[in-house]
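Each remark here refers to the structure printed beneath this line.
In each ligand, atom 1 is the first atom listed, and ligand 1 is the first ligand listed. If you read the sequence from its start, that first residue is 1, and numbering goes on from there.
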Amino acid sequence: MTERMTGAQALVRALEHMEVETVFGIPGGAILPAYDPLLDSTKVRHVLVRHEQGAGHAAEGYAQATGKVGVCMATSGPGATNLVTPIADAYMDSVPIVAITGQVASSMIGTDAFQEADIVGITMPITKHNFLVTRAEDIPRTIAEAFHIAGTGRPGPVLVDISKDALQDEMDFVWPQPMQLPGYRPVTRPHSKQIREAARLIAEARRPVLYVGGGVHKAGASAELKVLAELTGMPVATTLMARGTFPDAHPQHVGMPGMHGTVAAVGALQRADLLVALGTRFDDRVTGRLDTFAPDAKIVHADIDPAEISKNRHADVPIVGDAREVIADLIVAVKAEIEARGAVDGRSGDYADWWAYLDRLRETYPLGYEDHEDGLAPQYVIERLGKLVGPDAFYCAGVGQHQMWAAQYIGYENPGSFINSGGAGTMGFAVPAAMGVKMGRPDATVWAIDGDGCFQMTNQELATCAIEGVPIKVAVINNGNLGMVRQWQTLFYNERYSNTDLQTARLIPDFVKLAEAYGCVGIRCDKAEDVDAAIQKAMEINDVPVVIDFIVHKDAMVWPMVAAGTSNDDIKYARDLAPEWENGD
Ligand SMILES: Cc1ncc(C[n+]2csc(CCOP(=O)(O)OP(=O)(O)O)c2C)c(N)n1
Ligand SMILES: [Mg+2]
């Protein structure tokens, strides 16, 4: 059955067939034909954002909260280039989004036409794949392919750039579309020989660690991970992108590794004799100086993307596959290994000494912070937020100190409950991402934990939230500074504070008034004794967005810290305070 329609109508029809419910975007000349049939769609809701960057991050938040592909839309030229940052962000964090952009008419491409930008060229290195469509009849197939590529294998952003004439021309609509993707066949089934080898190494190891990255939750493998962890008794470290994938409260959880990780997690990786790395990419923020990372460890590295394996660290046992299938197969193989070895305690290896060592690190160097006599400790605010709101909410963070404290002090028990910009470190991520999360999961409580610097980059989406009925809650951790940069200036630039003071102490802007101007409720809190009441008040408001302006001390610092470019062995627990590592063997 074919139906005659315009390319623009075909685009909307294809989105409906892909079961797209929400599109975030802003119209303009080149994409205008697509916005006309969008008005008639009863299935696709278009959310008019205030900046295309917000559309992109909202699509990312939506995708991560729902497990579906997020969609954003923009016009050509500046509309499309405003999407570049969230596309890069989605690429670094493997978030499945489809970005649809209008392009000038095909006859004008290459002439420096009004609002022309080569967005396919610009996004080539930051998309999983991108398309330029110049014929109406190619639109439905390209949309089907774009969603397939974005959502399968290692997820990522796909851009579809459609020329104005392709949107305007008529074509015969057919669905479903035969996809033409020769060479795109992600490997999901792991090789059994590699799995057996990994199980053998786990059984023989004395100091193993499960090093868990964002890929494990993306594969929906948290339940399997728990089974594998408990079967083996191995310690588990969850990276920034994996917070919540394994419950924080679980006795085998040693915390987050990396630059601002726990001493126990960093120590575990450094002293391990085996790392079972699952859906993780040995990022420099985790490894520290690479040639001193986990020097005695053999590496089992499982990832859906073969390009990740041995990219930064040689893998002794490379496994290409979907994390859920890998872990499920590992469970079977480890059980067989236990049976073959007749292990008395029902576990594969003997890790008693290892746990004694790690327990000492946990007891001696727990996460902690100092209170300030003349101001509110930001960590206290975030800790109370986690306690009062609980683990069933979603927490989105911006980038900076507040992001690290959000990673450290909330307490995550559910996979996917912490959503942040890990790979790119994109300031301004939190508010629009929270909007996308709340639209994808309207019944959930959604908090954005934002910095005063980040908040000033994308807070205009509060207007979108207020108008569209998306009651997110925002905790601005207002230290009046680009705090993380200031922290580096304190530590590495002799306290010379070049261009990090945002002067928010003068209430420019006044975030409470700003919130009210956007139709939200604004609350200010600058005392420890008022923190609980402010959070409770925000929790009681569910019809409009709420912003709490927490005025916190500017000198609070994120600890522990591995200084950039140094070894994880040189982690500082506090300023000039290094942990004692002995008894590691
Ligand atoms: C778009 C962008 N520009 C610059 C940076 C560099 N940067 C990283 S953290 C940071 C400070 C963020 O300030 P704020 O939002 O107030 O958070 P805080 O560290 O104070 O908690 C800056 C400028 C960045 N990550 N992203
Ligand atoms: Mg700040």
Verify, without hydrogens or angle tests, whether Lys527 (side chain) and Cys525 (backbone) share a donor-acceptor contact under 3.5 angstrom.
no
Of all the atoms in ligand 1, which lie at a distance below 4.0 Å from a heavy atom belonging to Gly451?
14 (P), 15 (O), 16 (O), 17 (O)
Residue of the set Asn478, Val476, Ile477 for which side-chain contact (heavy atoms from CB on, under 4.5 Å) holds with Phe455
Val476
In terms of residue, atom name and distance, what is the protein heavy atom nearest to atom 4 (C) of ligand 1?
Met427 SD, 3.5 Å
Hey, which atoms in ligand 1 end up nearer than 4.0 Å to a heavy atom of Val485?
7 (N), 10 (C), 22 (C), 23 (C)
For atom 17 (O) of ligand 1, what is the nearest protein heavy atom, given as residue, atom name and distance?
His402 ND1, 3.1 Å
Please tell me whether Glu461 and Thr464 have a donor and an acceptor in their side chains that are separated by less than 3.5 angstrom.
yes
Could you go through Val431 and Ile472, starting from their C-alpha distance and side-chain angles, then the distance that decides it, and tell me whether this counts as side-chain contact (heavy atoms from CB on, under 4.5 Å)?
CA-CA 8 Å; Val431 168; Ile472 62 165; 4.2 Å; yes
State whether the shortest distance between N or O atoms of Leu482 and N or O atoms of ligand 1 falls below 3.5 angstrom.
no
Approximate separation, where rounding is to 0.5 Å, of Met484 CE and Met427 CE:
11.5 Å
Among all protein heavy atoms, pick the one closest to atom 12 (C) of ligand 1 and tell me residue, atom and distance.
Val399 O, 3.4 Å
Quick one: does Gly425 get within less than 4.0 Å of ligand 1, heavy atoms only?
yes
Would Gln115 and Thr75 count as having a side-chain donor-acceptor pair, cut-off 3.5 Å?
no
Which protein non-hydrogen atom lies closest to atom 20 (O) of ligand 1, naming both residue and atom, and how far is it?
Gly483 N, 2.7 Å
Other residues, nucleotides and ligands only: do more than 12 of their heavy atoms fall within 6.0 Å of CZ on Phe114?
no
Around atom 15 (O) of ligand 1, find the nearest protein heavy atom and jot down its residue, atom name and distance.
Cys454 N, 2.7 Å
So which heavy atom in the protein is nearest atom 14 (P) of ligand 1, and how far is it from that ligand atom?
Gly453 N, 3.5 Å
Any idea which atoms of ligand 1 are less than 4.0 Å away from a heavy-atom of Gln401?
18 (P), 19 (O), 21 (O)
Flag Asp452 as yes when one of its N or O atoms lies below 3.5 Å from any N or O atom of ligand 1, and as no otherwise.
yes
Do you see a donor-acceptor pair shorter than 3.5 Å between the side chains of Tyr412 and Thr245?
no
Do the side-chain N and O atoms of His253 and Thr238 include a donor-acceptor pair separated by under 3.5 angstrom?
yes
Going by the order shown, which atoms of ligand 1 are within less than 4.0 Å of some heavy atom of Met484?
9 (S), 19 (O)
Answer yes or no as to whether an N/O/S atom of Asn481 is found below 2.8 Å from the Mg ion (ligand 2).
yes
Note: ligand 1 atoms sitting under 4.0 Å from heavy atoms of Gly400 are 9 (S), 19 (O)
Would you say that more than 12 heavy atoms from the other residues, nucleotides or ligands in this model lie under 6.0 Å from the CG of Asn499, or not?
no
Within the supplied structure, the quantity of interest is the number of heavy atoms (other residues, nucleotides, ligands) at a distance under 6.0 Å from Glu370 CD; does it exceed 12?
no
Run the contact test for Asn481 against ligand 1 with a 4.0 Å cut-off on heavy atoms, strictly below, and give the result.
yes
Taking 2.8 Å as the cut-off, does Met484 contribute an N, O or S atom near the Mg ion (ligand 2), distance below it?
no
Among the N/O/S atoms of Asp452, which is closest to the Mg ion (ligand 2)? Give the atom name.
OD1
